[in-house]
Colleague: 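Questions regarding the structure given below will be posed in turn.
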Amino acid sequence: MQSSFAQHVSMASLSLSFLSPLPPHSSSSSSSLQLHTRISVSPSRIGVSSTPSYSQVIQHSPSTSNPRVVVTRERGKNAKLIDALSKHGIDCLELPLLQHTQGPDLDKLASVLSAEMMFDWIVLTSPEAGLVFVEAWKAAGTPSVRIGVVGAGTASIFENLMQSSKQLLDVAFAPSKATGKVLASELPKDGNKRCTVLYPASVRASNEIEEGLSSRGFQVVRLNTYSTVPVDHVDQIILDKALSALVVAVASPSSVRGWVNLISEPNSWSNSIVCIGETTASAAKRLGLRNVYFPIQPGLDGWVDSILEALRAQDGFPSERY
């Protein structure tokens, strides 16, 4: 006989996640400084199109005529990084590489949250997942939920809401390190009691969260509520400026793939790619990019420190310059 949990999920046209292992991948090895890790790899031939297939023109301000750093998050989400770097006198070029689209399970999210079934945890692993969740949560009538987030960036989505909805919206957990693997290993579970998790995620997200939680006995429902796709167009003049910048800052494996797809000759581009964390850095390494940096502890402060370290290494100026 199906459990009550499975029956409720079935009524919502969902199913529990049954997972297969992810293929193994290599991790980074060499390190520099306490807060940063740099990956140096031999270049390998990557086949990409030399002509961008995008249609939305990316603008830039006149003050970024000679940018040192390219910031690549979606438009409107680069302000914190730009502000942090400006304090060090660093000009940035904003070149969004991705845009978000609706996922196949988006319409199910509000109905699942409205159902009688209560999840022990809602797990969110990106700011975009948080934004999508908030809209569905409001549409569902703001039910009482307990949320686990991967890090401070995702948690920040709920700061204003928690002031007005503290009794209904409880951001109760963040892991000791802001990665999906650590979140899955540390999410609190009450002994052998059945514990249910709703995981609204990107279509492109790996199975790492489900695998980790399921191996610990959690029952996981994953909803693919959004996806990321390349921006429609990048102006060639802007791309030329980006290619000459010393550092490109990326915040996801999808952004790394987007950057590689824009480079006509990836092997000849030898400037630095600075990743927000280890997962993104591993993707950059697998795609053959050289001079890959990332902070040991993911987050804005570590990201900025790694960018500064990459700039010092690239232009040969002493640390005091930045």
Colleague: Just wondering, do Ile147 and Phe133 contact through their side chains at under 4.5 Å, heavy atoms?
Modeller: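 In short, these two side chains touch, coming nearer than 4.5 Å.
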Colleague: Checking side-chain polar atoms at under 3.5 Å, does Gln314 have a donor or acceptor matched by the opposite partner on Ser272?
Modeller: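 A pair is found: one side chain offers a donor N or O, the other an acceptor, under 3.5 Å apart.
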Colleague: Less than 4.5 Å apart, any side-chain heavy atom of Val145 and any of Asp170?
Modeller: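 When only atoms from C-beta onward are counted, Asp170 and Val145 do not touch, as no gap falls below 4.5 Å.
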Colleague: Tell me whether Arg216 contacts the main-chain N or O of Ala184 through its side chain, where contact means a donor paired with an acceptor under 3.5 Å.
Modeller: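 Yes: the side chain of Arg216 pairs with the backbone of Ala184.
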Colleague: Do the non-hydrogen side-chain atoms of Trp259 and Trp269 ever get within less than 4.5 Å of each other?
Modeller: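 Result yes, sub-4.5 Å side-chain heavy-atom pair found.
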Colleague: Would you find a donor on one side and an acceptor on the other, under 3.5 Å apart, between the side chain of Asn291 and the backbone of Ser270?
Modeller: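 It does hold such a pair.
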Colleague: Looking at side-chain heavy atoms only, is the closest gap between Val304 and His88 below 4.5 Å?
Modeller: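 Yes; the side chains approach each other to less than 4.5 Å.
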Colleague: Does the pair Lys80 and Asp83 meet the rule for a salt bridge (Lys or Arg N to Asp or Glu O under 4.0 Å), with working shown?
Modeller: CA-CA 5 Å; Lys80 289 183 178 180; Asp83 289 345; over 6 Å; no
Colleague: Take Val69 and Ile307 through the side-chain contact (heavy atoms from CB on, under 4.5 Å) test and state the conclusion after the steps.
Modeller: CA-CA 8 Å; Val69 177; Ile307 290 171; 3.8 Å; yes
Colleague: Hey, could you give me the SG/NZ distance between Cys275 and Lys285, rounded to the nearest 0.5 Å?
Modeller: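 Rounded to the nearest 0.5 Å, the SG-NZ separation comes to 12.0 Å.
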Colleague: Quick one, Arg222 with Glu210, criterion salt bridge (Lys or Arg N to Asp or Glu O under 4.0 Å). Give me CA distance, side-chain angles, the key distance, then yes/no.
Modeller: CA-CA 8 Å; Arg222 171 172 173 163; Glu210 299 105 297; 3.0 Å; yes
Colleague: Should Val182 and Val197 be counted in the same cluster of Ile, Leu, Val, Met, Phe, Trp and Tyr side chains packed under 4.5 Å apart?
Modeller: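 They do not share one cluster, since no chain of ILVMFWY contacts under 4.5 Å joins Val182 to Val197.
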Colleague: OH of Tyr293 to CG of Leu308: how many Å apart, nearest 0.5 Å?
Modeller: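 So the OH of Tyr293 and the CG of Leu308 are separated by 11.5 Å.
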Colleague: Is Thr125 reaching over with its side chain to a backbone N or O of Val150, donor-acceptor style, under 3.5 angstrom?
Modeller: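 Answer holds: no.
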Colleague: Work out which heavy atom in Ala281 is nearest to a heavy atom in Phe294; give both atom names and the distance.
Modeller: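 Closest pair (atom of Ala281, atom of Phe294, distance): CB-CD2, 3.3 Å.
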Colleague: Determine yes or no for a side-chain-to-main-chain donor-acceptor pair under 3.5 angstrom, with Trp303 supplying the side chain and Pro298 the backbone.
Modeller: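 Not confirmed, Trp303 side chain does not pair with Pro298 backbone.
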Colleague: State whether the side chain of Asn271 and the backbone N or O of Ala245 hold a donor-acceptor pair below 3.5 Å, judged by distance alone.
Modeller: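 Yes.
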Colleague: Closer than 3.5 angstrom, by distance alone: can the side chain of Asp105 be matched with the main-chain N or O of Leu223 as a donor-acceptor pair?
Modeller: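 The answer is no, because no donor-acceptor pair under 3.5 Å joins these two groups.
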Colleague: Which distance, rounded to the nearest 0.5 Å, do you find between the CG of Leu187 and the NZ of Lys189?
Modeller: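 If we round to the nearest 0.5 Å, Leu187:CG and Lys189:NZ are 10.5 Å apart.
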Colleague: For Asn78 and Arg73, indicate whether the former's side chain and the latter's backbone hold a donor-acceptor pair under 3.5 Å.
Modeller: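 At least one qualifying donor-acceptor pair exists.
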Colleague: For Ile90 and Ile82, what are the C-alpha separation, side-chain angles and deciding distance, and is it a side-chain contact (heavy atoms from CB on, under 4.5 Å)?
Modeller: CA-CA 8 Å; Ile90 297 168; Ile82 291 172; over 6 Å; no
Colleague: Atom CG in Leu183, atom CD1 in Ile209: separation rounded to 0.5 Å?
Modeller: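 That separation rounds to 5.0 Å.
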Colleague: With sequence neighbours excluded, what pairs up with Leu106 under the side-chain contact (heavy atoms from CB on, under 4.5 Å) test?
Modeller: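 Counting only residues at least two positions away or on another chain, Leu106 forms a side-chain contact (heavy atoms from CB on, under 4.5 Å) with Gln102, Val132, Thr225.
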Colleague: Answer yes or no: is there a donor N or O on one side and an acceptor on the other, between the side chain of Gln99 and the main chain of Pro230, under 3.5 Å?
Modeller: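 Yes, Gln99 side chain to Pro230 backbone: donor-acceptor pair under 3.5 Å.
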Colleague: Please name the pair of heavy atoms, one in Gly151 and one in Ala178, separated by the smallest distance, quoted to 0.1 Å.
Modeller: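 Looking at all heavy atoms of both residues, the shortest contact is CA-CB, 4.1 Å.
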Colleague: Do Val229 and Val260 share a hydrophobic cluster (ILVMFWY, side-chain heavy atoms under 4.5 Å, transitive)?
Modeller: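 No, it is not one cluster - the side chains of Val229 and Val260 are not joined through contacts under 4.5 Å.
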Colleague: Does a side-chain heavy-atom distance below 4.5 Å link Thr72 with Val248?
Modeller: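 In contact.
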Colleague: Please, which pairs that meet salt bridge (Lys or Arg N to Asp or Glu O under 4.0 Å) have at least one residue in residues 125-141, sequence neighbours excluded?
Modeller: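 Residue pairs passing salt bridge (Lys or Arg N to Asp or Glu O under 4.0 Å), neighbours aside: Lys77-Glu128.
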Colleague: Specify the closest pair of heavy atoms between Ala129 and Pro200, including all atoms of both residues, with the distance to one decimal.
Modeller: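 The answer is CB-O, 3.9 Å.
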Colleague: Excluding sequence neighbours, so at least two apart, what forms side-chain hydrogen bond (donor to acceptor under 3.5 Å, both in side chains) with Ser176?
Modeller: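 If we apply the side-chain hydrogen bond (donor to acceptor under 3.5 Å, both in side chains) test to Ser176, skipping adjacent residues, the hits are Glu186.
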Colleague: Which distance, rounded to the nearest 0.5 Å, do you find between the CZ of Arg146 and the CZ of Phe173?
Modeller: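 Interatomic distance, Arg146 CZ to Phe173 CZ, rounded to 0.5 Å: 10.5 Å.
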Colleague: If you apply the rule side-chain contact (heavy atoms from CB on, under 4.5 Å), what do you find for Arg204 with Arg257, and how did you get there?
Modeller: CA-CA 12 Å; Arg204 294 179 175 272; Arg257 289 189 290 270; 4.0 Å; yes
Colleague: Here's a test for you: under side-chain contact (heavy atoms from CB on, under 4.5 Å), which of Val70, Leu262, Val71 qualifies with Leu97?
Modeller: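 Result for side-chain contact (heavy atoms from CB on, under 4.5 Å) with Leu97: Leu262.
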Colleague: Whether the side chain of Trp121 engages the backbone of Thr196 through a donor-acceptor N/O pair (distance < 3.5 Å, no angle test) should be reported.
Modeller: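 No, because the side chain of Trp121 does not come within donor-acceptor range (under 3.5 Å) of the backbone of Thr196.
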Colleague: Same hydrophobic cluster for Tyr199 and Val203, using side-chain heavy-atom links shorter than 4.5 Å among ILVMFWY?
Modeller: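 Different clusters: Tyr199 never reaches Val203 through Ile, Leu, Val, Met, Phe, Trp or Tyr contacts under 4.5 Å.
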Colleague: Is it true that the side chains of Ser114 and Ser111 contain a donor and an acceptor less than 3.5 Å apart?
Modeller: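 Distance-only check fails for Ser114 and Ser111.
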Colleague: Determine the minimum heavy-atom distance between Val247 and Ala310, stating which atoms define it.
Modeller: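 Closest pair (atom of Val247, atom of Ala310, distance): CG2-CB, 3.8 Å.
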Colleague: Please walk me through it: do Ser252 and Ser255 pass side chain to side chain donor-acceptor pair (under 3.5 Å)?
Modeller: CA-CA 5 Å; Ser252 69; Ser255 294; 3.1 Å; yes
Colleague: Could you pull out the closest heavy-atom pair between Ile276 and Pro295, with the gap in Å?
Modeller: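 Between these two residues, the closest heavy atoms are O-CG, 3.4 Å.
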Colleague: Do you know which two heavy atoms are closest between Phe158 and Val149, and how far apart they sit?
Modeller: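 Heavy-atom minimum between the residues: CE1-CG1, 4.3 Å.
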Colleague: I'd like to check Ile263 versus Leu243 (side-chain heavy atoms, cut-off strictly below 4.5 Å). Are they in contact?
Modeller: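 Yes, at least one pair of side-chain atoms sits under 4.5 Å.
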Colleague: Just so I know, are the side chains of Leu109 and Trp137 near enough to count as touching, which here means a heavy-atom distance under 4.5 Å?
Modeller: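 Not in contact.
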Colleague: Using 0.5 Å steps for rounding, measure from the OG atom of Ser126 to the NE2 atom of His100.
Modeller: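 Going from OG on Ser126 over to NE2 on His100, the span is 6.5 Å.
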Colleague: Would Val234 and Leu95 count as a side-chain contact (heavy atoms from CB on, under 4.5 Å) here? Give the steps.
Modeller: CA-CA 8 Å; Val234 174; Leu95 176 64; 3.6 Å; yes
